[in-house]
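The next block holds one structure in the form of structure tokens; read it before the comments.
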Protein chains: 2
Amino acid sequence: MQHSSPSRTTGRPRSAAADEAILEATRAALVDVGWSKLTMGEVATRAGVAKTTLYRRWAGKNELVVDAVAVLFDELELPDRGSLAADIEGVVLQFASLLDRPETKTALMAVVAEATRDEPLRERIRTSIVERQKRLVLVGRARAERRGELPAPADPCVAAAAADLIFDVAAGAVVHRVLVSGEPVDQEWVRRFTALLVGGLAAAAD
Amino acid sequence: MQHSSPSRTTGRPRSAAADEAILEATRAALVDVGWSKLTMGEVATRAGVAKTTLYRRWAGKNELVVDAVAVLFDELELPDRGSLAADIEGVVLQFASLLDRPETKTALMAVVAEATRDEPLRERIRTSIVERQKRLVLVGRARAERRGELPAPADPCVAAAAADLIFDVAAGAVVHRVLVSGEPVDQEWVRRFTALLVGGLAAAAD
DNA sequence: CCAGTTACGCTACGACCCGTAGCGAAAGCT
DNA sequence: AGCTTTCGCTACGGGTCGTAGCGTAACTGG
């Protein structure tokens with residue numbers, strides 16, 4: 001009667017090694033053939049696994065790819081570089097180089113596109129990728145306040161809205177620059193963008 | 001010997017009505033079934049046209065959809081609302097409501113994703129959609145300078161880079177807000193975003 | 001008016017991928 | 001041992017792809 005028990009005690013356990021092999025094979029296949037020509041059968045072959053095993057764990061291509069690329073985003077960090085501007089420049093460059101990797105480049109927009117007509121998938125993207133990276137904004141903001149570069153927000157509700165805004169602006173700008181405009185996120189561009197963002201934050205604080 | 005003559009003088013001419021019927025059918029199909037379940041056969045049926053006719057004019061689904069949605073972006077305008085901030089708020093709201101339409105929502109990210117592995121498609125998107133809308137940034141900037149809200153840039157090369165930056169920031173932020181974060185672009189958000197952008201522009205002018 | 005040229009609608013086709021069902025074997029538990 | 005669940009494998013109907021071939025329609029130049 002206990003169908004979705006998190007850890008079942010009886011029966012043969014699922015191979016954790018197969019899990020990682022599948023995700024790794026998915027990333028490799030994304031590099032080689034891209035999103036549109038990626039098939040479940042190919043991933044299964046690459047991972048040395050039966051196609052049915054894939055369908056036992058993921059509903060389809062969308063969910064599989066989300067899980068395969070989500071872990072890559074956890075590499076992002078926010079080392080303390082001494083100033084708000086330097087911190088932003090650092091993380092933006094990290095994010096840009098992550099987006100330059102062929103597996104993320106071809107997969108990210110594709111799953112977002114699919115998610116426009118698939119609410120569960122949208123939720124999966126949110127919890128697996130988006131929400132996890134907002135931590136970077138919060139850490140950066142707290143650090144800037146500690147340095148006295150930004151005033152502490154009066155209303156915590158306003159603070160949350162501001163963090164969301166900054167996240168959308170930063171992530172959106174980099175994604176648009178790389179994938180839509182198709183031009184590089186180089187030192188020069190990052191410098192200009194950071195100046196714009198920091199200037200706007202300072203002005204909004206008044 | 002003149003294979004790709006722009007207007008051939010001999011033979012039966014292509015039906016312009018069929019062209020429009022196909023693009024219209026493509027948009028309608030996008031609304032109904034979305035990008036991933038959109039098939040060339042279905043579009044042909046809806047348009048009352050043979051499937052082979054589609055392939056005679058477009059190489060595939062990607063190119064067809066780009067042409068089908070590109071015209072929608074030409075609706076964007078930048079009416080003079082008296083101030084830089086008001087102008088930005090107006091066009092951002094327009095862009096957001098355009099992105100809310102199901103046909104653009106599901107198609108835009110999908111073709112961008114495909115374009116990451118298809119250079120000709122990337123070029124087609126650039127010339128058909130992206131470059132055409134940069135006019136809005138240039139018009140807004142010129143208007144702000146005429147009002148005295150922003151100084152005229154010294155170097156025209158710097159001015160072009162600044163325009164590209166503003167375009168990526170504005171378009172990217174709205175797209176990210178709507179499609180990735182999945183939250184609405186309401187009056188409140190637009191107000192905050194515009195304050196951030198205008199503040200940044202003013203600060204960068206120093 | 002007629003021959004030449006091109007577009008159109010239709011049908012049929014092999015190739016591929018999908019997602020599932022059914023089977024026997026393997027791997028864990030009590 | 002006996003039970004339970006996963007695994008690899010094969011096979012299948014259903015769908016889409018992109019193309020080829022055919023006869024017909026539309027338009028042009030002689």
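- The distance between atom CZ of B/Arg14 and atom P of C/dT6, rounded to the nearest whole Å, is 12 Å.
- Taking B/Arg117 as the reference, nothing meets the side-chain hydrogen bond (donor to acceptor under 3.5 Å, both in side chains) condition, with sequence neighbours excluded.
- Protein atom CH2 of B/Trp58 is 14 Å distant from nucleotide atom C1' of C/dA7, rounded to whole Å.
- Nucleotides of DNA chain C nearest to A/Glu42 and B/Ala50 differ in position, and the one nearer the 5' end is that of B/Ala50.
- Applying the ring pair (Phe, Tyr, Trp, His ring centres under 6.0 Å) test to pairs two or more places apart or on separate chains, none has a residue in residues 37-79 of chain B.
- A search for salt bridge (charged side-chain N to carboxylate O under 4.0 Å, His left out) contacts involving B/Glu75 returns B/Arg101, not counting sequence neighbours.
- With rounding to whole Å, B/Leu64 atom CG is found 12 Å from D/dG18 atom P.
- A donor-acceptor pair is defined here as one N or O able to donate and one able to accept, closer than 3.5 Å; such a pair exists between the side chain of A/Arg27 and the backbone of A/Ala68.
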Show me the protein contacts with nucleotides 26-30 of chain D, counting only N or O atoms at under 3.5 Å.
{"unit_1": "D/dA26", "atom_1": "O4'", "unit_2": "B/Arg12", "atom_2": "NE", "d": "3.4"}
{"unit_1": "D/dG29", "atom_1": "OP1", "unit_2": "B/Thr9", "atom_2": "OG1", "d": "3.0"}

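- The pair B/Arg132-B/Asp74 meets the salt-bridge criterion, since a charged nitrogen lies less than 4.0 angstrom from a carboxylate oxygen.
- Taking the nucleotide of DNA chain D with the nearest heavy atom to each of B/Gly60 and B/Arg56, the more 5' of the two is matched to B/Gly60.
- Pairs passing the ring pair (Phe, Tyr, Trp, His ring centres under 6.0 Å) check and including a residue from residues 160-191 of chain A, sequence neighbours excluded, read A/Phe167-B/His176, A/His176-B/Phe167, A/Trp189-A/Phe193.
- The CD1 atom of A/Ile22 sits 13 Å away from the P atom of D/dT6 (whole-angstrom rounding).
- For the salt bridge (charged side-chain N to carboxylate O under 4.0 Å, His left out) test, residues two or more places apart in sequence or in another chain that qualify with A/Glu119 are A/Arg122.
- Near DNA chain D, meaning a heavy atom under 4.0 Å away, there are no residues from residues 102-122 of chain A.
- Dashed line: the shortest gap from a side-chain N or O of A/Thr52 to OP1 or OP2 of C/dT20 is not under 4.0 Å.
- The side-chain contact (heavy atoms from CB on, under 4.5 Å) search around A/Pro156 returns none, not counting sequence neighbours.
- Scanning for salt bridge (charged side-chain N to carboxylate O under 4.0 Å, His left out) contacts around B/Asp164 gives B/Lys134, with sequence neighbours left out.
- Under the rule for a side-chain contact (heavy atoms from CB on, under 4.5 Å), the partners of B/Ala28 that lie at least two apart in sequence or sit in another chain are B/Arg46.
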Atom pairs under 3.5 Å, N or O on each side, protein against nucleotides 12-16 of chain C: can you list them with distances?
none

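- In this structure, A/Asp19 places its CG atom 12 Å from P of D/dT6, rounding to the nearest Å.
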Donor-acceptor contacts, no H, no angles, side chain residues 106-116 of chain B, under 3.5 Å, sequence neighbours left out:
{"unit_1": "B/Thr106", "atom_1": "OG1", "unit_2": "B/Trp35", "atom_2": "N", "d": "3.2"}
{"unit_1": "B/Glu114", "atom_1": "OE1", "unit_2": "A/Ser36", "atom_2": "OG", "d": "3.3"}
{"unit_1": "B/Thr116", "atom_1": "OG1", "unit_2": "B/Ala113", "atom_2": "O", "d": "2.6"}

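- Counting non-hydrogen atoms under 4.0 angstrom, B/Ser15 reaches the backbone sugars and phosphates but no base.
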